[in-house]
Amino acid sequence: MDKKAAIAKIKSLAENGGASGASFEEVYARCYCAVQKTLGITPFDEQLSAALSLYEGRMVQMQTGEGKTLCAVFAACMQAINGGSVHVLTFNDYLAKRDCEWMKPVYDAMGVSVGFITEKTDRNERKSIYKKQVVYLTAKEAGFDYLRDFVCFDPDEMVFPEALDFAIVDEADSILIDEARIPLVIAGDLAAEDGSATAEVYAKLTDFELDEDFEIDEESRNVYLTDDGADRAEDIFGCNIYSEEGAPLLAKICACLKARTVLKEDKDYIVKDGAIVLIDEFTGRAAIGRVFPGELQSAVEAKHQLKITSRGRIMGNIALQYFARLYPKIAGMTGTAELAREEFEKLYALSTDVIPTRLPCKRTDHPLEMYSCGEEKRAAIISAIEEAAQSQRPVLVGTESIEESEAIAEELRQKGVSCAVLNAKNDAEEAAIISRAGEKGAVTISTNMAGRGVDIKLGGEDCVEKDFVVEAGGLLVLATSMRESSRITRQLRGRAGRQGDIGESRFFAAANDEIMNKYELKKLAGRHFPDESVSGAIDDKTLLKEAERIQRISEGDTFDERVNLMKYTMIGEKHREQTFRRRKGLLDGSYNSELWQEHAPELYEKAKQKFNEIALQEKQNIILAALLNEFWCDYLDYTAYLREGIHLTQVSGRNPAEEYNIACEEYYDSAADSIPERMAEKLEELLQCDTLEDFKVAMPTRTYTYLLDDMAEEFKTKPLLLNVFEEEEPQPKPEKTEKGEKKKGFFSSLFGKK
Ligand code: ADP
Ligand code: MG
């Protein structure tokens, strides 16, 4: 598209009037006027340019504070007016509400219906909000609604739209990359997992020692028993932990040891109100509603002697990355797209457009400042904050963990510098604090990316003291360590220098920071690696170059992890999609099961005589829907079990991802093959009942939704049981149905074509 010409045309149509059609120039021109009229601002050319990219389904890079919220409105109106529907996926609930309310006058003027959904929105309301042309909500809320429909039996209770159309993802790198692999989970109390045994196991392992009884793999953060440890465990528990029956116990043991040694309080999680609250590695914030996978959650609860929570049985899950891909068209916007260009292209087939800032950037970004050790670094950070505080220049400090932010705040307090600390608060409160971070004299200590999406104006919300703050040098951003991803670094720096403001950013690192140890700076830098006794900033070019290289190594690692994860998870996504779709059809009347007619004709004749035929058909559909839930639970259990053991085939030189895919496919087919038989059994049971209502379908009475912590670790090349079954056969394939041979074509008759 010739954007320049398009923008000129839009503006001329807007000025001269007469735009009434649905071409993009006309819609954009009307939208332009609607913005002027309702919000009293005039969209910038850069915003129109970004808006055009969005409508074309592209990823837009536009710096923080340049006005992305408005850009989305143009593209959303265009899609809606042309018969589509749009979900604007926001970074959090607070922004879903804020952005929707803020932009609603424009939508109203355009005659486009709009609404928002947050965690608080009740289920009845959701159904009508989803019917609006444009809906603002988080990917998490949308994803949970999608999953909840899968455990619903009443079509009236299903809320999620039948067909998705267009998603505009705000802060897109956060959702599509950083959080991409986080699975949303729905669980039900069908047959709850018994976590109490974990507490017993935990208690029995307290004298197991690192290096003697077990080892930790630094990279995957997994724990393995040594031979000695395995012997001890077998003595304690009196069973062969390396047998198939012993596998669940072994998993518990490793989870308990990992909970004890690898997972750290205040870094990986906090204990709050008697519960474990995970900390998000990217935002450093409390990830409410997220839990550790498998046995790990109970193990951490056992570690802190908390009540072991029941989470039910997992009935469905979807990673955010796949959820986003359910939309036929996606566009995204963020301040940091360019650095992830390749990933957007590879994982989502999204190409990236970089929109230049409207005014030149006047922020000074200093290169990494290196110190020999943590203490030296901390002293430098504190003195930088003090210096800013003295001149009443606002300073925003990005720390790596809650622990660190509290330590810094405490040290400052002792020196008489007061500051606002941001952590584990709710989004709205957080937004309020962040929006004041540019005030005269403000010292704000926050974890990574807290308050993403919130504007920081110099001199405060009303800018009254802007002149003073500009004179003092604008906002100063300090980061206390190098981040695993340069996007996070860039996001933090981007907090200063908004819309051509003056500003400055400084990044600190110590040669013995965790990330430097993890990627072995000592080895990389060789003789340039400083001695702990060196004081002050170190100006060694080689050392700095190697330290910066670490960020690229870490980025490459996480990228590979995500690509690797996809190789494993793609197959499950296909299966889930088929199963969900078919189940939904059974309940909303678009598809009837004929399994009884086909596979148990005699029983079916009897049933027809006993019960009303139409009601019988409905019952059949519901019973099959419930069976599909069971089927899917079993599938999830089986695949989880496979993932724990998938390295077995790696040992024998085969490709683990391929083997995994084959095993999943086989299980899926053979489990689906057993469905007609299981349905026939249900029909027999039904015939024993006096009325159709007497036959109760197993449904969960309670469901839980939560987020699982990252699963990529499961797929690292050195998994949990690596040294275990080396000599043994690959694990047993799932049992075939009694009749042995596969009924070809059944599968497609059950699930149909797309
Ligand atoms: P981003 O999401 O890109 O960080 P926002 O959408 O939050 O930016 O907008 C940042 C600020 O810019 C807001 O205060 C908004 O009112 C202002 N703004 C956006 N567009 C314009 C415009 N065309 N003219 C004047 N102010 C604008
Ligand atoms: Mg924004």
Side-chain angles (χ1 to χ4, degrees), residues 149-155 158 188 190-191 313-316 574-639 664-701 734-754:
D149 281 0
F150 182 63
V151 299
C152 253
F153 281 85
D154 181 352
M158 296 187 176
L190 284 177
R313 186 170 185 205
I314 296 187
M315 298 183 71
K574 186 183 96 187
H575 291 153
R576 181 188 41 68
E577 219 268 318
Q578 285 177 338
T579 313
F580 274 37
R581 186 156 33 82
R582 185 46 89 210
R583 185 185 180 280
K584 193 165 191 184
L586 282 166
L587 295 172
D588 68 15
S590 59
Y591 167 76
N592 280 325
S593 163
E594 288 179 358
L595 291 174
W596 287 347
Q597 291 90 320
E598 278 174 28
H599 295 269
E602 284 141 40
L603 290 177
Y604 185 68
E605 275 310 309
K606 272 195 215 163
K608 245 175 32 181
Q609 277 157 24
K610 189 166 178 181
F611 308 114
N612 170 298
E613 197 177 341
I614 296 173
L616 184 65
Q617 181 62 55
E618 236 173 66
K619 196 78 182 179
Q620 177 174 187
N621 290 349
I622 290 191
I623 292 176
L624 180 55
L627 208 55
L628 287 180
N629 281 118
E630 255 179 62
F631 160 81
W632 192 246
C633 283
D634 292 344
Y635 176 90
L636 293 178
D637 283 351
Y638 179 73
T639 52
C664 290
E665 195 79 71
E666 279 179 3
Y667 182 87
Y668 188 71
D669 287 351
S670 74
D673 281 350
S674 71
I675 286 180
E677 212 172 304
R678 287 162 76 185
M679 280 298 282
E681 285 164 17
K682 301 274 183 206
L683 182 54
E684 262 175 66
E685 284 170 40
L686 182 70
L687 278 165
Q688 311 295 319
C689 299
D690 292 332
T691 66
L692 287 174
E693 290 70 42
D694 286 349
F695 183 92
K696 294 280 177 265
V697 178
M699 301 180 186
T701 55
E735 282 172 38
K736 285 262 151 73
T737 50
E738 269 187 334
K739 292 178 194 88
E741 99 257 13
K742 273 192 186 166
K743 289 165 235 91
K744 278 254 167 59
F746 164 69
F747 194 71
S748 51
S749 74
L750 180 62
F751 292 116
K753 290 187 209 81
K754 183 150 188 173

Whether Asn629 side chain and Gly316 backbone form a donor-acceptor pair below 3.5 Å: no
Side-chain (Glu618) to main-chain (Leu587) donor-acceptor, under 3.5 angstrom: no
Thr691 versus Asp694, side-chain donor and acceptor atoms under 3.5 Å: yes
Donor-acceptor side-chain pairing of Tyr668 and Thr579 below 3.5 angstrom: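 Tyr668 vs Thr579: donor-acceptor pair found between side chains.
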Any idea which heavy atoms bring [X] and [Y] closest together, and the distance?
| X | Y | result |
| --- | --- | --- |
| Ala680 | Trp596 | N-NE1, 4.2 Å |
| Asn612 | Ala615 | OD1-N, 2.8 Å |
| Lys610 | Leu687 | NZ-O, 2.8 Å |
| Lys619 | Glu693 | NZ-CA, 4.4 Å |
| Ala671 | Phe631 | CB-CE1, 3.5 Å |

Which distance, rounded to the nearest 0.5 Å, do you find between the [atom1] of [X] and the [atom2] of [Y]?
| X | Y | atom1 | atom2 | answer |
| --- | --- | --- | --- | --- |
| Gln620 | Leu616 | CD | CG | 7.0 Å |
| Phe580 | Asp149 | CZ | CG | 9.5 Å |
| Lys682 | Ile622 | NZ | CD1 | 13.5 Å |
| Leu686 | Glu684 | CG | CD | 11.0 Å |
| Leu628 | Tyr635 | CG | OH | 14.0 Å |
| Asp588 | Asn621 | CG | CG | 10.0 Å |

Stepwise side-chain contact (heavy atoms from CB on, under 4.5 Å) check, Leu624 with Ile675: CA-CA 8 Å; Leu624 180 55; Ile675 286 180; 3.7 Å; yes
Axial cation check for Phe153 ring with Arg583, 6.0 Å and 45° limits: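 Cation-pi check for Arg583 and Phe153: passes.
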List, one per line, each side-chain donor-acceptor pair under 3.5 Å for residues 602-609, sequence neighbours excluded.
from	atom 1	to	atom 2	distance (Å)
Tyr604	OH	Gln597	NE2	3.4
Glu605	OE2	Lys608	NZ	3.4

Close side-chain approach of His599 to Met679, heavy-atom, < 4.5 Å: no
Steps toward side-chain contact (heavy atoms from CB on, under 4.5 Å) verdict (Gln688, Phe695): CA-CA 9 Å; Gln688 311 295 319; Phe695 183 92; over 6 Å; no
